[in-house]
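Notes follow the structure.
As the structure lists them, so they are numbered: ligands from 1, and atoms in each ligand from 1.
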Amino acid sequence: MDSVKSENINAKIVIVGSGIAGISAAVELTAAGFTNVQILEATGRSGGRIKTGDNVVEIGANWIHGPSEENPVFCLARRYGLLDPEALTPENQAMEVGGHPPWMTCLEILEEKKWADADKATRSLGFSVVSNLLKGECCVNGTHSLDEVGLGAFSLYKTLPGLDCTFPKGYEGLIQNLLSELPSDTVKYNCPVRCIEWNNTETESPVIVECEDGDRMTADHVIVTVSLGYLKKHHSTLFRPPLPLHKLHSIQRQGFGTNNKIFVEFDSAWWDADCEVMHFLWEDENSLVDKTLDLQSSWIKKLFGFTVLKPTERYGHLLCGWIAGHESEYMETLSDQEVTQAVTQLIRRFTGNPILTPKRVLRSQWFHNPWTCGSYSFPGTGCSSQDLKNLAEPLPTTGPQPLQVLFAGEATHPCFYSTVHGALLTGQREADRLLSHYSSTSTNHVLSKL
Ligand code: 6YU
């Protein structure tokens with residue numbers, strides 16, 4: 001690992017956000033010898049969109065997508081001893097699943113049928129299956145409709161080999177282990193940043209970070225890791241002077257949507273022991289046109305299905321429903337009772353069992369979370385790889401005081417956007433950028449990873 005020149009070790013680096021991107025940046029900078037690294041976190045906890053609830057229920061990120069040697073989250077989780085033995089086997093790491101979560105089984109139904117000579121009822125079923133697939137695809141992409149996803153940029157997403165795996169004791173274990181590598185006072189909680197004033201010439205350090213409580217601190221560098229949703233909503237007040245236009249346009253072009261989960265717990269299982277996923281097919285969905293006219297009465301139809309959480313010893317009899325888009329955002333505005341009622345009706349209708357009653361229902365609300373403003377990014381229509389580069393570009397790139405404001409977070413990764421490993425790599429990328437800047441050697445280096 002290159003070392004930083006001793007006179008630069010005190011450079012003041014502020015990191016906005018204590019999600020995986022912010023924490024991984026802090027760990028790398030601290031390990032390289034920087035002594036003045038402070039994370040400012042708006043909420044009272046670290047982890048951001050990694051959030052484990054009671055009974056190891058994952059409110060946010062679920063899987064390590066592509067758990068294999070190239071995936072830094074997998075390597076870290078293995079190092080910290082956070083994975084089940086199956087996930088560590090070479091067979092598991094070699095499996096190619098094409099980047100889809102383990103729920104997209106509906107395709108098999110389509111493949112079994114000969115659609116060209118099918119009768120009307122069968123064709124109608126076919127449309128229902130396709131409609132269901134599209135709802136699932138909206139969840140994967142975190143978008144309302146696939147019409148909002150740019151075809152060109154869609155192919156930028158890179159999948160890694162490995163059968164997606166979970167953290168048996170919760171994804172947050174990764175966060176706790178990483179935090180333990182930092183000095184205990186590194187994260188300041190309940191400290192929302194209101195404004196980042198850069199290009200200051202009146203103070204010795206070029207950046208002033210102003211918090212909601214009016215506290216103002218100077219910094220040599222600020223790494224911004226807030227979500228793209230937050231940036232879209234607050235860029236005009238968050239930066240003074242404003243962001244350059246090309247960066248702003250890229251923020252606008254890149255998509256950021258909502259995918260929520262609805263957990264439904266039962267006293268006992270009413271599904272088969274080998275059931276992994278249930279899809280809901282609606283008879284009247286024989287058109288692929290988006291026709292969400294009455295959210296109040298039809299939002300639940302956007303829920304594509306339930307995955308069965310396993311093993312039962314860990315989760316009890318628990319289903320996880322998935323719902324994306326405007327219907328998902330509407331669902332967030334309903335009371336717990338209204339959501340429970342809609343889900344109960346849905347399950348009774350599809351099972352034909354009028355007395356099935358969930359023990360407990362819990363849903364995520366990522367769109368109305370003021371510090372996230374949605375779930376994750378996707379390549380919007382008209383978005384190109386240049387937009388992703390622009391999102392990651394620091395300010396300014398040249399001049400006497402470069403790299404005042406740097407940008408990390410899942411949406412700034414060129415091919416692993418929307419994932420935990422993507423976010424982690426962007427934190428390391430920006431730490432590396434500062435290390436190269438301050439490094440005693442001029443060679444471009446890659447730090448020995450954690
Ligand atoms: C993954 C998965 N997964 C499900 C759901 C969600 C996400 N992801 P953070 O937001 O974490 O941190 C920023 C911090 O900043 C935060 O703490 C804020 O409080 C703070 N902040 C904000 N404003 C501030 C201010 N003003 N001042 C101070 N602090 C401030 N990823 O790998 N596996 O299974 C899922 C899933 C419901 C919501 C996911 C998954 C996404 C990850 O959770 C997410 O990328 C990272 O946690 C983000 O970390 P961060 O540090 O950048 O931000 C084919 C193809 C198509 C392409 N897509 C395929 C991939 C599918 C993605 N998978 C999704 C699936 C699920 C289920």
Exercise for the section: Of the side chain and backbone of Asn260, name the one, both, or neither that has a heavy atom under 4.0 Å from an atom of ligand 1. Expected result: neither
Practice task
Report the part of Tyr189 (side chain from C-beta onward, or backbone N, CA, C, O) that has a heavy atom under 4.0 Å from ligand 1; answer both or neither where that applies.
Solution key: neither
Fill in the blank from the handout: Heavy-atom proximity to atom 52 (O) of ligand 1, picking from Arg194, Glu410, Lys51, His413, points to Glu410
Exercise for the section: May I ask you to say whether Arg78 pairs ionically with Glu69, meaning some side-chain N is under 4.0 Å from a carboxylate O? Expected result: yes
Practice task
Return a yes/no value for Ile64: is any of its N or O atoms, backbone included, closer than 3.5 angstrom to an N or O of ligand 1?
Solution key: no
Exercise for the section: Verify the distance criterion only: is there a donor paired with an acceptor across the side chains of Trp322 and Thr307 at less than 3.5 Å? Expected result: yes
Problem - Check: Tyr417 ring centroid to Tyr376 ring centroid under 6.0 Å - result: no
Handout entry: Close approach, Gly47 and ligand 1, non-hydrogen under 4.0 angstrom
Key = yes
Problem - Expected output: side-chain Gln38 to main-chain Thr186 donor-acceptor under 3.5 Å - result: yes
Handout entry: Salt bridge flag under 4.0 Å for residues Glu210 and Arg240
Key = no
Problem - Partner of Arg429 under side-chain contact (heavy atoms from CB on, under 4.5 Å), chosen from Thr412, Leu406, Leu424 - result: Thr412
Completion exercise
Counting from 1 in the order shown, the ligand 1 atoms closer than 4.0 Å to a non-hydrogen atom of Gly48 are 11 (O), 16 (C), 17 (O)
Exercise for the section: Flag Tyr230 as yes when one of its N or O atoms lies below 3.5 Å from any N or O atom of ligand 1, and as no otherwise. Expected result: yes
Exercise for the section: Report yes if Tyr157 has an N/O atom closer than 3.5 Å to an N/O atom of ligand 1; otherwise report no. Expected result: no
Handout entry: ligand 1 contact by Phe378, heavy-atom criterion under 4.0 angstrom
Key = no
Exercise for the section: Go through ligand 1 atom by atom and flag the ones less than 4.0 Å from a non-hydrogen atom of Asn259. Expected result: 37 (C)
Practice task
Would you check whether Ser364 reaches within less than 4.0 Å of ligand 1, judged by its heavy atoms?
Solution key: no
Practice task
May I ask which of Ser24, Ser418, Pro370 has a heavy atom nearer to atom 41 (C) of ligand 1 than the others do?
Solution key: Ser418
Handout entry: Min N/O separation His421 to ligand 1 under 3.5 Å
Key = no
Problem - Identity of the nearest option to atom 12 (O) of ligand 1, non-hydrogen atoms only, from Ala324, Gly229, Gly19, Ala42 - result: Gly19
Completion exercise
Separation between CG (Leu434) and CG (Leu29), nearest 0.5 Å, reads 6.0 Å
Handout entry: Element-labelled atoms of ligand 1 that are located less than 4.0 Å from some non-hydrogen atom of Leu40
Key = 28 (C), 29 (N)
Handout entry: Thr372 touching ligand 1 at heavy-atom level, < 4.0 angstrom
Key = no
Problem - Ala21-ligand 1 polar pair, N/O distance under 3.5 Å - result: yes
Handout entry: Close-contact set for ligand 1 against Trp322 heavy atoms, below 4.0 Å
Key = 67 (C)
Problem - Under-4.0 Å heavy-atom contact with ligand 1, by part of Thr43 that carries it - result: side chain
Problem - Enumerated ligand 1 atoms positioned under 4.0 Å from heavy atoms of Thr225 - result: 13 (C)
Handout entry: Residues Asp213 and Arg194 bridged, charged N to O under 4.0 Å
Key = no
Practice task
Pick one of side chain, backbone, both or neither for how Trp63 approaches ligand 1, counting any non-hydrogen atom pair under 4.0 Å.
Solution key: both
Handout entry: Trp371, portion touching ligand 1 at heavy-atom distance under 4.0 Å
Key = both
Practice task
Would you check if there is a donor-acceptor pair between the side chains of Gln386 and Asn390 at a distance under 3.5 Å?
Solution key: yes
Fill in the blank from the handout: Numbered in order shown, the ligand 1 atoms found under 4.0 Å of a heavy atom of Trp366 are 37 (C), 38 (C)
Handout entry: Thr419 N/O to ligand 1 N/O under 3.5 Å
Key = yes
Exercise for the section: From the options Val73, Asn177, Leu76, select the one residue that forms a side-chain contact (heavy atoms from CB on, under 4.5 Å) with Leu82. Expected result: Asn177
Handout entry: Lys169, NZ: over 12 other non-hydrogen atoms inside 6.0 angstrom
Key = no
Handout entry: Selection from Lys158, Arg49, Glu212 by shortest heavy-atom distance to atom 50 (P) of ligand 1
Key = Arg49
Exercise for the section: Tell me yes or no: between the side chains of Asn62 and Thr166, is some donor less than 3.5 Å from an acceptor? Expected result: no
Handout entry: ligand 1 contact on Leu238 by region, counting heavy-atom pairs under 4.0 Å
Key = neither
Practice task
Please report the closest heavy-atom contact between Ile39 and Ala26, naming both atoms and the distance.
Solution key: CD1-CB, 3.7 Å
Practice task
Check each atom of ligand 1 against the heavy atoms of Gly17 and keep those under 4.0 Å away; list them by number with element.
Solution key: 14 (C), 15 (O), 20 (C), 29 (N)
Problem - Per-atom contacts, ligand 1 versus Ala423 - under 4.0 Å to a heavy atom - result: 48 (C), 49 (O), 50 (P), 52 (O)
Exercise for the section: Go through the side-chain N and O atoms of Glu181 and Thr30 and say whether any donor and acceptor fall under 3.5 Å apart. Expected result: no
Exercise for the section: Quick one: list whatever passes salt bridge (charged side-chain N to carboxylate O under 4.0 Å, His left out) with Glu148, sequence neighbours left out. Expected result: none
Problem - ligand 1 to Gly409 polar contact by distance, N or O atoms, under 3.5 Å - result: no
Practice task
Cation-pi check, Lys247 to Phe239: give yes when NZ or CZ is under 6.0 Å from the six-membered ring centre and within 45° of the ring axis, no otherwise.
Solution key: no
Handout entry: Check: Ile20 N/O within less than 3.5 Å of ligand 1 N/O
Key = yes
Handout entry: Between CG on residue Leu146 and OG1 on residue Thr381, distance to nearest 0.5 Å
Key = 12.0 Å
